[in-house]
Amino acid sequence: MPRDLILGTAGHIDHGKTSLVKALTGIDCDRLPEEKRRGITIDIGFATLQLEDFRLGIVDVPGHERFIKNMLAGATGIDLAVLVVAADDSVMPQTREHLEILRLLGLRHGVIALTKCDLVDETTLEVVELEVRDLVQGTFLQSAPLIRTSAHSGLGVPELKAAITETCRHIEARTGAEWFRMAIDRSFIVQGHGTVVTGSVTSGSGRMGDEVEWQPKGERVRVRSLQNHDQSVEEVHRGMRAAINLAGVHHEDVIRGQELATPGYLVPSRTLTIRLHCLADAKRPIKHRAPVRFHIGTAEIMGTIALLDCDTVDPGGWGLAQVFLEEPATATWGQPFVIRGPSATQTLGGGQVLQPVARKIRRRHLEMLERIERLWSGNADERALTVAWFGGFSGFTPADLVRSANIAPDQAQPLIDRLAAAGALADVAVGQARRMLLHADMLKELDERILTVLSRLHEQFPLMATHDRQKVQSQLDYVGDDALVHAAVDRLIQRKLVIGDTRRIARADHKPKLSGNLRKLKDKLVLAYREARFQPPEPASFAGQAGGNAANLADLFEVCQAEGLLVRIADDIYLHSDADSEMRQRISERLSNGPGMTVAEIRDLLGTTRKFAVPLCEYLDRIGLTRREGDLRVLRQAAPSEAPQG
Ligand SMILES: Nc1nc2c(ncn2[C@@H]2O[C@H](COP(=O)(O)OP(=O)(O)O)[C@@H](O)[C@H]2O)c(=O)[nH]1
Ligand SMILES: [Mg+2]
């Protein structure tokens, strides 16, 4: 099986990178007319080389300091680098800067090529070799092969190929499922075909006909056709250069820095949480609020750094930070980035993404910092739980774990199931047919908030037996899904920590507190209703007896209702619960043995007055005992033949 890998060049301008690629491949990467005229590389160029089983896509980058941003775009997704140093010029500023950038990008493999060896004598070669060895000391190139070459004479080209092949053998293959991802570095129009975008595939694979998400636009687009180095292919995968013909995309809307990915994989965000490193030989530390150019993938975005756990990141040091960007970026956990100064004259540092989609975090918020650090854990469960925790009451999705905790796509659900079985995560039903994934602490927190609000309300209104569910909900200090709160209250009711129904709730341990006087008043009131039967008194009529407790009358009626002593028929009309049961029994008995009854007949049956008869009938309809049919009331279940009316 041939293996696809991407090789990038690196090194100072005019050191012979493009010439060396031509000597290796026969391909001239300087494709732009301006590049041909000026004889310098401005933008990245591409070539291909097969070495034994390795199919190499080559990205040739510009060395000029003004085009570092293009170098950065080209260096994204490379597997190995050839660091080029001209023998007649030795180590120069962009030799250092490119090497630093490759280190910041986390590159692990490479070869060093000493070029233009035809121009200098042996002594110079030896001196330059020492200088280069000195430069790469302590970097991933420390023990890399160093090959003397000349693009003009062809010296060392076979040896360089052999060294590259050997290096490729040491690049560990990535196994396991991956989602597709490609950062766009170029786009153009092909007559008759439309927009084509190119890039290095950094993850997974894409096939003809696939729907991919075009980020940060968030649009779904279809892969119409695919090419790899001018060859039509059915599929492209990690390690390949790809040219993708997209259906329904305008060329003008495509810019370098956008990405194509499996739908749901990437989520654009202007705020990212990062581990930030300041280059060891930086002139000054990175300060809080430093304006920067943030390079990630093929994108370059202006932003501001907020340091979370320190005031400065000193040269050679690390800190936790957030970056606030002017345009949204798409990132994944652990993805490397590079920051440069706002005037783009120097590379300041770089690091890795901890939260690709973040909310602003307060500086020196110790609990948060401790959580953030857990995101860098080598333990996948710990990272996943932390992502779930940061999901808060909004919860999280399996895709969030792939993007933000570096969980393989086919491992996300098994991991969720396992952690849910252990009680660390919760998979809860909300609303009719929806489920939500949450960190178990979020449910506990929600339960606590509900119980706390109820306690507070019970304390504030000691006579009230229950409280309105909506009112409780509005006091939760909660921004999120109402359905989740309903589900939480329902669960508290099931667990018997809360009593109530869809309308009113109370803590199960709450007992309305009544003073001696109020208790007496309550007893009197209940007795009065019991005796009045179907001609109940008006609540206001108790104001006189209540005296100083008049203000508590409404609460007292609530208590009586909640305790099941009184039943509310309409505003200001209550029945004693015995009268209520008697009424239901009498009416249903009469109606099941005879024809429908008018309001007047019901009035006479109950021995009440017209004032009460109408509300009582409406109440009986409302509770589902009776149904109105013209002027008559009939039993709701009684007449199935006439039932289906709407
Ligand atoms: N004598 C000599 N000149 C070279 C060699 N390689 C490149 N050059 C010249 O150096 C200049 C810059 O080369 P180029 O490949 O464009 O450098 P790049 O900026 O690193 O891509 C060109 O004029 C090349 O002809 C070499 O091996 N020997
Ligand atoms: Mg060049």
Side-chain angles (χ1 to χ4, degrees), residues 6-49 56-76 78 80-102 110-129 131-132 135-136 141 144-164 185-186 198 200 241:
I6 298 176
L7 178 151
T9 60
H12 199 74
I13 183 166
D14 262 350
H15 276 204
K17 296 180 291 300
T18 304
S19 306
L20 192 61
V21 170
K22 191 165 181 197
L24 285 168
T25 66
I27 299 166
D28 183 0
C29 290
D30 281 349
R31 60 198 154 79
L32 303 174
E34 192 187 349
E35 292 179 320
K36 295 257 186 266
R37 199 175 61 244
R38 292 170 61 185
I40 66 162
T41 309
I42 294 168
D43 207 347
I44 46 183
F46 309 97
T48 169
L49 178 64
L56 296 174
I58 298 182
V59 182
D60 181 38
V61 305
H64 196 292
E65 62 171 330
R66 277 188 44 217
F67 305 130
I68 289 279
K69 69 180 233 185
N70 295 338
M71 180 271 172
L72 272 156
T76 277
I78 66 173
L80 73 160
V82 175
L83 180 67
V84 168
V85 183
D88 63 338
D89 210 17
S90 195
V91 174
M92 294 299 281
Q94 270 65 54
T95 321
R96 287 180 196 286
E97 190 167 19
H98 282 197
L99 178 62
E100 271 161 354
I101 286 170
L102 294 178
V111 176
I112 305 164
L114 222 55
T115 52
K116 306 197 190 183
C117 291
D118 54 293
L119 294 181
V120 296
D121 57 24
E122 178 63 25
T123 324
T124 312
L125 278 175
E126 279 167 20
V127 171
V128 173
E129 279 181 4
E131 287 175 357
V132 173
L135 171 74
V136 300
L141 291 178
L146 191 158
I147 314 291
R148 296 179 178 185
T149 69
S150 165
H152 283 190
S153 71
L155 169 83
V157 171
E159 288 81 358
L160 181 58
K161 285 184 178 174
I164 291 171
D185 52 32
R186 243 178 355 141
T198 70
S200 302
R241 289 289 310 168

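Numbering of ligands and ligand atoms starts at 1, following listing order. Index from 1, following the sequence. Only heavy atoms go into these numbers, but all of them, side chains included; no hydrogens, no water, no symmetry mates. This structure is a prediction, so every number in the text was calculated from the model and none was measured.
Between Leu20 and Leu160, some side-chain heavy-atom pair lies under the 4.5 Å cut-off.
Judged by distance alone, the side chain of Lys17 and the main-chain N or O of His12 form a donor-acceptor pair under 3.5 Å.
The Mg ion (ligand 2) has an N, O or S atom of Thr18 under 2.8 Å away, backbone or side chain. For the Mg ion (ligand 2), the set of nearby N, O or S atoms under 2.8 Å includes one belonging to Thr41.
Counting protein heavy atoms only, atom 17 (O) of ligand 1 is closest to Gly16 N, 3.0 Å. Scanning the protein for heavy atoms near atom 27 (O) of ligand 1, the closest one is Ala151 N, 2.7 Å. Scanning the protein heavy atoms around atom 19 (O) of ligand 1, the nearest turns out to be Asp14 N, 2.8 Å. Considering only non-hydrogen protein atoms, atom 15 (O) of ligand 1 sits nearest to Ser19 OG, 2.6 Å. Annotation: atom 5 (C) of ligand 1 to nearest protein heavy atom, Lys116 CG, 3.5 Å. Looking at atom 25 (O) of ligand 1, its nearest protein heavy atom turns out to be His152 NE2, 3.5 Å. At the top of the distance list for atom 28 (N) of ligand 1, counting protein heavy atoms only, stands Asp118 OD1, 2.9 Å.
Ion pairing of Asp60 with Arg31 is absent here, as no side-chain N (NZ or NE/NH1/NH2) approaches a carboxylate O to less than 4.0 Å. Under 4.0 Å is where a charged nitrogen must lie from a carboxylate oxygen, and between Glu34 and Arg38 at least one such pair does.
Put simply, CE on Met92 and CD on Glu131 are 11.0 Å apart, with the number rounded to the nearest 0.5 Å.
Inclusion of Leu119 in the set of residues having an N or O under 3.5 Å from an N or O of ligand 1 is not warranted. Note: no N/O pair closer than 3.5 Å links Thr115 and ligand 1 by distance alone. The N/O atoms of Ile13, backbone and side chain alike, include none that comes under 3.5 Å of an N/O atom in ligand 1.
The nearest pair of heavy atoms linking Ile42 to Glu35 is N-OE2, 2.7 Å. Contact detail for Thr48 and Ile27: the closest heavy-atom pair is N-CD1, 3.5 Å.
Within ligand 1, counting atoms from 1 as listed, the ones closer than 4.0 Å to a heavy atom of Ser150 are 27 (O). Here is the list of ligand 1 atoms found below 4.0 Å of a heavy atom in Lys17: 15 (O), 17 (O), 18 (P), 19 (O), 20 (O), 21 (O).
Neither the backbone nor the side chain of Asp30 has a heavy atom within less than 4.0 Å of ligand 1.
Remark: among candidates Gly154, Gly39, Cys117, Gly156, the nearest residue to atom 16 (O) of ligand 1 is Gly39, based on non-hydrogen atoms.
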Using side-chain contact (heavy atoms from CB on, under 4.5 Å), reason through His98 and Val84 one step at a time and then give a plain yes or no.
CA-CA 10 Å; His98 282 197; Val84 168; over 6 Å; no
Kindly determine whether Asp30 and Lys22 satisfy salt bridge (charged side-chain N to carboxylate O under 4.0 Å, His left out), including the steps that lead there.
CA-CA 10 Å; Asp30 281 349; Lys22 191 165 181 197; over 6 Å; no
Could you walk me through whether Leu141 and Leu99 pass the side-chain contact (heavy atoms from CB on, under 4.5 Å) check?
CA-CA 9 Å; Leu141 291 178; Leu99 178 62; 3.7 Å; yes
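For atom 23 (O) of ligand 1, the nearest protein heavy atom lies 4.0 Å away or farther.
The environment of Arg148 atom CZ is dense: over 12 non-hydrogen atoms of other residues, nucleotides or ligands sit within 6.0 angstrom.
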